[in-house]
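The block underneath contains the structure these notes are about, expressed in structure tokens.
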There are 2 protein chains.
Amino acid sequence: MVIIVVSGRKRKFDEQTALHAAMEVFWAKGFVGASLADLTKSMNINKPSMYSTFGNKEALFIKATQYYIENKMKVHLDALFTPDTPLKTRLKNYMMSIVGMQCSTEQPKGCYLVLCQSEIAGGDIPEEASKLLIDIDVLPKTLFVDLFTTDKEAISLGLHHHAQGNSLSLYTALKGCAAMARSKVSSTELAFVIDTILAGVFAGNNEQTKVGTITTNTIQ
Amino acid sequence: MVIIVVSGRKRKFDEQTALHAAMEVFWAKGFVGASLADLTKSMNINKPSMYSTFGNKEALFIKATQYYIENKMKVHLDALFTPDTPLKTRLKNYMMSIVGMQCSTEQPKGCYLVLCQSEIAGGDIPEEASKLLIDIDVLPKTLFVDLFTTDKEAISLGLHHHAQGNSLSLYTALKGCAAMARSKVSSTELAFVIDTILAGVFAGNNEQTKVGTITTNTIQ
DNA sequence: AGTTAATCATACCATTAGGTACAATATTAA
DNA sequence: TTAATATTGTACCTAATGGTATGATTAACT
């Protein structure tokens with residue numbers, strides 16, 4: 001990191017602190033729902049300061065989103081790779097770490113990304129921001145797929161045969177929990193949901209249930 | 001229904017058709033994201049017609065939401081009570097009927113209610129509309145609870161012992177699928193997710209997984 | 001046909017949206 | 001102390017927001 005010393009008035013606010021505040025506004029209201037008045041008020045700065053520091057609303061959103069990923073997503077990863085811990089326990093710890101955050105009263109309930117991703121279809125999210133949100137969406141699923149295909153225990157349990165499907169199931173459960181958390185469902189209740197989806201994955205769900213006359217068991 | 005015949009110019013548009021169009025706009029953009037320009041353009045009427053017919057944006061939203069419930073939610077119920085069909089199959093048919101709708105290209109992807117409910121936390125949804133959205137949210141869960149507590153097969157399988165938790169699991173899965181569908185995940189892929197959660201429910205997930213040093217197995 | 005009453009289209013209102021110009025204010029280099 | 005530079009606060013811009021007033025249209029009832 002290069003620090004260039006220049007003369008001029010010093011910035012009164014801390015960029016990271018302001019970014020944290022912006023993140024919370026987008027987390028609660030989404031990109032479209034968050035107005036510049038909302039943002040600058042929470043960031044405790046005025047519009048020219050915001051524009052000179054971050055560019056515009058979209059650029060601020062992109063930085064806030066990256067801030068969320070760095071500070072609110074990656075922190076849970078440790079639980080997934082704890083040594084000498086059964087796979088199921090590691091998955092549960094990881095998922096409950098996320099669910100705990102979704103239900104916390106310290107910050108907006110639910111998931112920043114789930115909310116903003118759901119705004120894309122409305123057509124009011126600028127292209128670059130939209131692209132970022134879509135790109136991010138593959139990361140958690142890829143993480144699960146890697147785990148199911150490389151973890152010794154996963155392979156010995158045969159879970160790697162349905163790595164894609166199992167990963168999608170867990171990721172879908174997390175998104176469902178995000179929606180539930182936003183409606184104020186407690187993490188205690190959602191723990192049961194996590195247990196259930198993990199039971200389904202570990203029980204093996206290969207015996208597909210018939211739908212009408214056709215049977216579905218392929219993932220494309 | 002009382003029809004009052006009065007003199008005067010006849011309405012050029014059909015109220016239900018207009019409501020259907022409004023529903024699709026709210027479905028795609030949410031309450032906050034949908035502007036009156038968006039709405040009246042899709043409804044193919046102009047603002048005074050909209051205001052004289054429906055009241056205001058909130059009243060239109062409430063009617064559109066009720067329209068959604070009547071025409072897009074209740075249609076799936078039949079699958080849940082098909083005679084001579086195993087419980088698991090009925091649940092799968094019901095859930096896949098919903099997921100199929102979430103993934104359809106005939107209308108906006110995902111779920112109208114999940115999107116709009118997620119906007120409540122932002123504080124920009126008027127009170128009456130917000131109350132409706134919150135009230136609706138208990139219906140699907142209640143539906144599952146009733147089923148698990150009254151269905152013969154459910155009871156014989158012991159599923160009624162975790163009626164609350166199992167219901168929450170299925171409802172959470174549906175909300176997760178809604179989020180997934182909005183990001184264009186196919187119903188074929190989501191069928192695997194539904195199979196997995198059903199496997200979890202029917203396998204019984206009573207054997208809870210330890211989280212750190214504490215064990216969670218209660219639903220409050 | 002003429003009266004009555006409801007709907008329609010246009011234009012408009014106040015407010016808020018995202019975004020800037022500009023002058024006042026701090027800060028450093030000289 | 002002064003010149004140079006960057007940040008700040010205020011005021012403003014244009015476009016879009018939810019919502020209306022108004023007068024022209026159109027249809028039913030007498």
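The sequence lines fix the lettering, A, B, ..., with proteins before strands; numbering per chain opens at 1. Note that this is a predicted model, so its numbers are computed, not measured.
A donor-acceptor contact shorter than 3.5 Å links the side chain of A/Thr172 to the backbone of A/Leu168.
The side-chain hydrogen bond (donor to acceptor under 3.5 Å, both in side chains) with B/Gln107 is formed by just one residue from the set B/Glu24, B/Lys72, B/Gln102; it is B/Lys72.
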Reading nucleotides 8-16 of chain C 5' to 3', which nucleotides get B (base under 4.0 Å from a protein heavy atom), which S (sugar-phosphate only), which -? SBB------
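A salt bridge does not link B/Lys131 to B/Glu127: none of the charged side-chain nitrogens sits closer than 4.0 Å to a carboxylate oxygen. Salt-bridge check for A/Asp137 with A/Lys175: passed, with a basic side-chain N closer than 4.0 Å to an acidic carboxylate O.
What separates CD of A/Glu58 from C1' of C/dG18 is a distance of 13 Å, to the nearest Å. Rounded to an integer number of Å, the gap from NZ of A/Lys29 to P of C/dG18 is 10 Å. Straight-line distance from the CE atom of A/Met43 to the P atom of C/dG18: 13 Å, rounded to whole Å. Regarding A/Leu36, its CG atom lies at a distance of 16 Å from the P atom of D/dT17, rounded to whole Å. Rounded to whole angstrom, the span from the CE atom of A/Met50 across to the P atom of C/dG18 amounts to 10 Å. In this structure, B/Asn44 atom CG and C/dT7 atom P are separated by 17 Å, rounded to whole Å. Here C/dC22 presents its P atom at 18 Å from OH of A/Tyr51, a figure rounded to the nearest Å. The separation between B/Asp14 atom CG and C/dT7 atom C1' is 15 Å, rounded to whole Å.
Ring geometry, A/Phe26 versus A/Phe31: the interplanar angle falls under 30°, so the pair is classed parallel (tilted spans 30 to 60°).
The aromatic ring centres of B/His162 and B/Phe148 sit 6.0 Å or more apart.
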